[in-house]
Every structure is written in C-alpha cells, then in structure tokens.
Number of protein chains: 2
Amino acid sequence: MKYIEKLRNSGLRPTKQRLQICEVLFNTDKTFHFTINELKQKITKQANNKISLATVYNTVHAFEKKGYLKQIPINSSETYFDTNVTDHHHFYDLKEEKLIDLENSDVGPINILKKINGKKIKSVEVLVKLED
Amino acid sequence: MKYIEKLRNSGLRPTKQRLQICEVLFNTDKTFHFTINELKQKITKQANNKISLATVYNTVHAFEKKGYLKQIPINSSETYFDTNVTDHHHFYDLKEEKLIDLENSDVGPINILKKINGKKIKSVEVLVKLED
DNA sequence: TTGTAGTTTATAATGATTCTAAAAAAGTGT
DNA sequence: ACACTTTTTTAGAATCATTATAAACTACAA
C-alpha cells in the first residue's frame, strides 16, 4: 500500500483507519474541501466500514500538523479542511455556502508591505465572498 | 444621545442595552476586534450593568445585518467581530492568537481575474498568518 | 511471544451559539 | 395617562461541533 511509507516517515503508525482516510483524501489528482462529517460519511460509504468520529478528528488533526491538510479560514459552523496545501485562495458563495478554489493564476500577486518585528509570514490567504 | 437616531433609522428600537453596546463599540475613533464574551465583559464593567448574554448575541447579529459590524473569517473557537467595516485585511499571529489590522496601504491592490456566472464579489479579505 | 507505546473507540464533557417562552419595555393611537 | 400591539430582553434549556477520557485494541520491537 502506497501510504504506509508516507505515514511511517511522518512518525504515524499505518493503521487500517489512517490508510482508509488516506485513500479517500489523497488517492485522486483533484484536491478538494471537506468537513469532518463529510469525510466520515465518505469513509463509511467507500470502505463500507465503521469508523469512530473521534478517530476522524484525531487523524485529520494529525495530518494537518504534518502539513498534509490545512484548515480554511472561514466562518462556518463546521471547520473546512483542504487537501490542497499549496498557497491558494478561495471564493465563498454566501448563498450556497459553498467554497470554490481559485487558481493562483486567478489572483494577481499580493504584496504585504507591513512587517511585524520578529515575526515572519507563514501564509497569505484571500477569501472572496460572492453574492447574487 | 447620539445613537438613538442611528438605531431608529435602522429600524431598531433604541433600548438601554443597545445604547450601552453602541457606547462600547462606536464611541471611539479607533476600531477594534472583539468576541461576544469580551464585549459582554466590557459592558458589565463600563456600564456597571448586567446584560444578558443572549442580548449581546442578538444585538451584535442585528448590527452585523445592518452593516455596523462584520465578522472576521478566521478559525478560532470564538467568532471575532470587527468595528471596522471598511474593506481591510488582517495579520493573525498564530502564537499569540491575536489579530492585527492591516491598513489598506499595507497591502497592494488585489486583482481577482476569475468570474463566476451570475455572482458578484461582495468582499475581498486577506488573512496573513504570522509565525516566529 | 511479550511488553509497551501508540491508536481506536464509545461515551461523556465542554463550550459557543441558538432557541424558547414569559416578562419587560417601547411605540402608537385614543 | 391609558390601553393595546409589537419588539426586545432575559434566564435557562437545547443544540451542535469539538475535545477529553479511559478502557480495549493494535503495531512493532526486543
């Protein structure tokens, strides 16, 4: 299985549950957005398998810490995660409550002119809210 | 009282609680960020007055709907609001968990090149995450 | 195989937010 | 001022996402 090594290299034991989550999240060319509950449903369907909600939380947080996932900063009752961990931006359709990726080529370069003493920029993320 | 008219013009009855909240939020030149609980504490201190948590929620949401406040899109357990409703951007200090305003002059112009059919852009917000 | 450290799990706990329904206050007309 | 309607406030309950707990299970190394 191709994710076993990836997990081991990250110091995470390749358990059945983690491998299932890897399949759902990373076994595709397309990146995508998801919430914890959406992910749990996908696993239950795709692998026809029960998985504990707590395990989904644990694993997603572990993957986020390792840099395989990132949270999308947005005000929503549920937290959104993104399998695209490269710097990129989002549309948020307020009516449909749906996130849409922006390619980097869709947004011109962003210049942050201010500096904060002793701090460095980790990421620059743009959220474009859409209305009808 | 200078906020009575403002509230009436918005179709909101100028109650004691709403006027107190206006004093705390708008009776200053500086704009600032706050959470519901911080706001409740300020009111309790400043006006030496009890106010129901539900009222603070109700009022903040009413003010947001009227455009006097806006939510800051950020992943935090509590929702952050901003008394600065003009288009502007934020630093987020990951270590201190603190928001810092960016002036518009601190960020170069942002070009959104992609269009979504039938939707228009309501706002463009940049979140710059800072680390040590 | 045996030990142990890491992982999963169901369930309980937490905490922010929303809901509810009754009491209080504000607005309106008389 | 009074009666009446509508809006608002309020305490407490309900909800919902997330985190904590602690017991059972699993991976892995000696």
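First the proteins, then the strands, lettered A, B, ... as listed; each starts at 1. All heavy atoms count here, side chains included; hydrogens, waters and symmetry mates do not.
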Report task. Kindly say if B:R8 contacts the phosphate of C:dA26, meaning a side-chain N or O under 4.0 Å from OP1 or OP2. Result -> no

Report task. Would you tell me if any nitrogen or oxygen in the side chain of A:R18 comes within less than 4.0 Å of OP1 or OP2 on C:dT8? Result -> yes

Query raised in the report: How many Å lie between NZ on A:K40 and P on D:dT19, as a whole number?
Result: 16 Å

Report task. Please state whether the rings of B:H90 and B:H33 are parallel, tilted or perpendicular, taking 30° and 60° as the class boundaries. Result -> perpendicular

**Report entry** Touch class at under 4.0 angstrom, heavy-atom based, for A:N37 against every strand present
**Finding:** nothing

Query raised in the report: Would you say the side chain of A:D106 lies within less than 4.5 Å of the side chain of A:D101, judging by non-hydrogen atoms?
Result: no

Query raised in the report: Does a distance-only test, which skips hydrogens and angles, find a donor-acceptor pair under 3.5 Å between the side chain of B:R13 and the base of D:dT6?
Result: yes

Query raised in the report: When the distance from CG of B:L53 to P of C:dC19 is rounded to whole Å, what number comes out?
Result: 14 Å

Query raised in the report: Phosphate oxygens OP1/OP2 of D:dT10: is one of them under 4.0 Å from a side-chain N or O of B:Q17?
Result: yes

Query raised in the report: Are B:S76 and B:Y92 close enough that a side-chain donor and a side-chain acceptor fall under 3.5 Å?
Result: no

**Report entry** B:Y57 side-chain N/O to C:dT18 phosphate OP1/OP2 under 4.0 Å
**Finding:** no

Query - Sidechain N-carboxylate O distance under 4.0 Å for A:D132, B:K120 - result: no

Report summary line: When rounded to whole Å, the CD to C1' distance for the pair A:E64 and D:dT18 reads 13 Å

Requested in this report: Specify the residue among A:S77 and B:I51 whose closest nucleotide of DNA chain D lies further upstream toward the 5′ end.
Outcome: B:I51

Query raised in the report: Taking the side chain of A:T79 as its heavy atoms from C-beta onward, which of D:dT18, C:dT8, C:dA10 lies nearest to it?
Result: D:dT18

Query raised in the report: Contact class for B:T55 vs. all strands (heavy atom < 4.0 Å): base, sugar-phosphate, or nothing?
Result: base

**Report entry** N/O (side chain, B:H61) to phosphate O (OP1/OP2, C:dT17) under 4.0 Å
**Finding:** no

Query raised in the report: Is the phosphate of D:dT9, meaning OP1 or OP2, less than 4.0 Å from a side-chain N or O of B:T15?
Result: yes

Requested in this report: Measure the distance from CD1 on B:I21 to P on D:dT8 and round it to the nearest whole Å.
Outcome: 13 Å

Query - Out of D:dA17, C:dA10, D:dA11, whichever nucleotide has its closest atom nearest the side chain of B:S52 - result: D:dA11

Query raised in the report: Taking CD from B:Q20 and P from C:dA25, how many angstroms apart are they, rounded to a whole number?
Result: 13 Å

Query raised in the report: Rounded to the Å, how far apart are A:L19 CG and C:dG6 P?
Result: 19 Å

Report task. Send over the distance from B:N75 CG to C:dA16 C1', rounded to a whole Å. Result -> 15 Å

Query raised in the report: Should the ring pair A:F63 and A:F26 be called parallel, tilted or perpendicular, given that the plane angle runs from 0 to 90° and is split at 30 and 60?
Result: tilted

Report task. Take the protein atom NZ of B:K65 and the nucleotide atom C1' of C:dT18, then report the distance between them rounded to whole Å. Result -> 13 Å

